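Structure, as structure tokens:
Keep in mind that this is a model prediction, so the values were computed, not measured.
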Amino acid sequence: MTLKDTTAIVGIGQTRFAKHLPESEKTLACRAVLAALDDAGIAPDEVDALASYTMEETDEVELAKAVGFGDLTFFSKVGFGGGGSCATVAHLAAAIAAGQATVGVAWRSRKRGSGPRPWTNTAVQLPTPAQWTRPYGLLRPADEIAMLARRYMHEYGATRDHLFNVALACRNRANQNPAAIMYDRPLTREMYMTARWISEPLCLYDNCLETDGALACVIVGRERARDCRQRPVYVHSAAQGLPAQHHGMVNYWNDDPLTGPAWTAARHLWKHSDVTPADVDVAQIYDAFTALVPLSLEGYGFCGRGEGGAFTEGGALEIGGRLPLNTGGGGLSEAYVHGFNLINEGVRQLRGTSTAQVPDAATCLVTAGEGVPTSALLLRS
């Protein structure tokens with residue numbers, strides 16, 4: 001048994017994105033889910049499966065009552081924040097393929113723009129890994145990824161210009177997307193190079209946007225998908241990845257800190273796929289920080305070890321380049337909702353409705369957070 005093209009995403013929905021929205025996370029979740037169901041042409045009482053995240057969760061019992069779902073026969077939650085985005089879809093695809101459910105909804109609702117940061121709550125006991133990092137100054141995810149970025153630059157000669165290439169590609173696509181927070185705010189190299197540091201070598205524009213907003217998508221079986229309102233986007237392959245002895249983000253307990261969860265997920269993803277990295281038309285790569293993109297390009301096989309920085313040169317990540325990237329603007333310039341906007345943008349690309357459409361796009365890679373236990377989807381039209 002395989003997941004290969006047995007299920008499809010048939011509906012997507014989202015709220016607007018902003019630094020501050022007045023609605024609660026529950027209300028935002030309801031609005032995104034109802035929009036996705038309407039997009040698919042499926043009534044709420046037909047939903048029998050749910051998947052979301054454990055971190056900063058929205059309660060599925062409250063959501064089910066508020067939206068009016070039917071009897072639920074499958075529900076799951078995925079851990080590790082941004083690493084769980086693609087896994088929510090993967091769990092629903094597996095449940096539907098195995099006959100445990102027929103209509104699944106995955107969603108993410110957050111008020112990180114106007115709400116508190118989890119790491120600022122000093123009353124909560126630190127998880128075991130953090131006890132060995134935060135007392136020494138690695139307080140935020142930005143500090144941890146900055147260590148990986150510096151190591152990557154030292155070992156392979158990557159430069160801030162390579163990180164700028166990532167930031168610029170995402171901003172250019174956001175400038176085409178009216179829903180993006182950075183829609184009307186272009187980015188220049190001078191702006192990037194003179195921006196304030198967040199955690200060296202990461203400056204302001206190397207960091208994602210903290211955002212209020214919600215997104216959702218609807219997954220059904222292949223046969224049902226043919227009768228839905230929108231063109232189906234098939235889940236061709238899916239994977240999760242947690243490497244042996246992984247420590248999370250900093251990962252300096254390993255012999256090779258720069259071989260992260262993407263490498264583990266990628267092996268499984270391509271093993272169960274009919275296509276290769278060379279066949280991917282467009283990619284939505286998790287970009288909480290620019291430095292994660294070169295690491296992911298290597299992990300998912302688009303270039304060799306240490307070549308991720310150089311891969312970004314010459315407009316490779318722009319429309320018409322080797323691998324058009326994060327065509328809605330990504331977490332860096334559209335919105336940061338733990339990567340779920342990358343899933344919806346992948347669907348739009350394969351429907352042919354993106355604001356920065358890649359001509360004839362038929363295959364899209366979507367990835368979740370690198371540096372933490374992760375997941376990935378390979379979508380096909």
Side-chain angles (χ1 to χ4, degrees), residues 2-3 51-57 74-95 97-98 106 108 118-119 126-134 138 140-141 143-145 147-149 151-152 208 235-273 277 283-289 291-302 305 308 331 338-340 342-343 365-379:
T2 177
L3 288 182
S52 189
Y53 302 56
T54 60
M55 183 179 178
E56 301 166 309
E57 63 184 350
F74 179 88
F75 36 95
S76 72
K77 291 182 179 178
V78 186
F80 306 103
S85 58
C86 294
T88 62
V89 175
H91 285 200
L92 292 174
R108 185 55 163 161
W119 54 87
L126 292 174
T128 299
Q131 294 178 33
W132 301 100
T133 56
R134 290 184 189 170
L138 302 181
R140 308 159 298 174
D143 303 319
E144 297 172 314
I145 297 304
M147 283 195 67
L148 283 183
R151 175 73 174 261
Y152 186 71
C208 62
V235 179
H236 180 66
S237 182
Q240 290 181 264
L242 170 56
Q245 296 299 311
H246 182 68
H247 189 75
M249 291 203 185
V250 288
N251 205 30
Y252 49 58
W253 274 256
N254 283 359
D255 292 336
D256 188 354
L258 299 177
T259 302
W263 295 76
T264 301
R267 285 191 289 270
H268 188 79
L269 187 79
W270 301 119
K271 176 182 177 181
H272 296 281
S273 169
Q284 315 297 332
I285 294 180
Y286 192 88
D287 60 338
F289 306 96
L292 297 180
V293 172
L295 294 173
S296 295
L297 290 170
E298 295 175 20
Y300 287 98
F302 294 102
R305 185 68 191 277
H338 262 159
F340 211 102
L342 299 177
I343 298 172
L365 172 71
V366 185
T367 74
E370 171 62 335
V372 295
T374 194
S375 53
L377 296 170
L378 192 61
L379 304 178

Applying salt bridge (charged side-chain N to carboxylate O under 4.0 Å, His left out), which residue pairs with at least one partner in [range] are found, sequence neighbours left out?
range            : value
residues 235-247 : none
residues 241-264 : Asp256-Arg305
residues 239-248 : none

Mind checking whether [X] and [Y] have side chains closer than 4.5 Å, heavy atoms only?
X      : Y      : value
Leu148 : Pro257 : yes
Thr264 : Leu242 : no
Trp263 : Pro243 : no
Cys86  : Tyr286 : no

- Can you name the residues that form a ring-ring contact (aromatic ring centres under 6.0 Å, His included) with His246, not counting sequence neighbours? none
- Message: Once salt bridge (charged side-chain N to carboxylate O under 4.0 Å, His left out) is applied, do any residues pair with Arg151, and if so which ones, sequence neighbours excluded?
- Response: Glu155
- Message: I need the minimum non-hydrogen distance between Gly299 and Ala266, along with the two atoms involved.
- Response: O-CB, 3.2 Å
- Item | Shortest non-hydrogen contact between Gly82 and His338, atoms and distance | N-CD2, 3.2 Å
- Message: I'd like to know if the side chain of Ser375 reaches the main chain of Gly83, judged simply by a donor and an acceptor atom lying under 3.5 Å from each other, with no hydrogens or angles considered.
- Response: yes
- Message: Quick check against the 3.5 Å criterion: does Thr374 have a side-chain atom that pairs as donor or acceptor with the backbone of Gly369?
- Response: yes
Going by side-chain contact (heavy atoms from CB on, under 4.5 Å), name the residues that satisfy it together with [X], two or more places apart in sequence or in a different chain.
X      : value
Ser237 : Leu269, His272, Ser273, Leu378
Ala291 : Ile145, Ala149, Leu163, Leu202
Ala93  : Leu3, Thr7, Val235
Ser85  : Tyr53, Ile343, Ala368

Interatomic spacing from [atom1] in [X] to [atom2] in [Y] - rounded to 0.5 Å:
X      : Y      : atom1 : atom2 : value
Glu144 : Leu138 : CD    : CG    : 6.0 Å
Met249 : Glu370 : CE    : CD    : 10.5 Å
Leu92  : Phe74  : CG    : CZ    : 6.0 Å

- Is the number of heavy atoms from other residues, nucleotides or ligands under 6.0 Å of Phe302 CZ greater than 12? yes
- Message: I'd like to know if the side chain of Gln240 pairs up with that of His91 as donor and acceptor (distance under 3.5 Å, no hydrogens or angles considered).
- Response: yes
State which residues pass side chain to side chain donor-acceptor pair (under 3.5 Å) with [X]; sequence neighbours excluded, sorted by chain then number.
X      : value
Asn254 : Asn251
Gln284 : Thr327
Tyr152 : Glu298

- Using the side-chain contact (heavy atoms from CB on, under 4.5 Å) rule, take Leu297 and Ile285 through it: C-alpha gap first, then chi angles, then the decisive distance, then the call. CA-CA 8 Å; Leu297 290 170; Ile285 294 180; 3.8 Å; yes
- When you look at Leu342 and Thr367, which way does the side-chain contact (heavy atoms from CB on, under 4.5 Å) test go after all the steps? CA-CA 8 Å; Leu342 299 177; Thr367 74; 5.5 Å; no
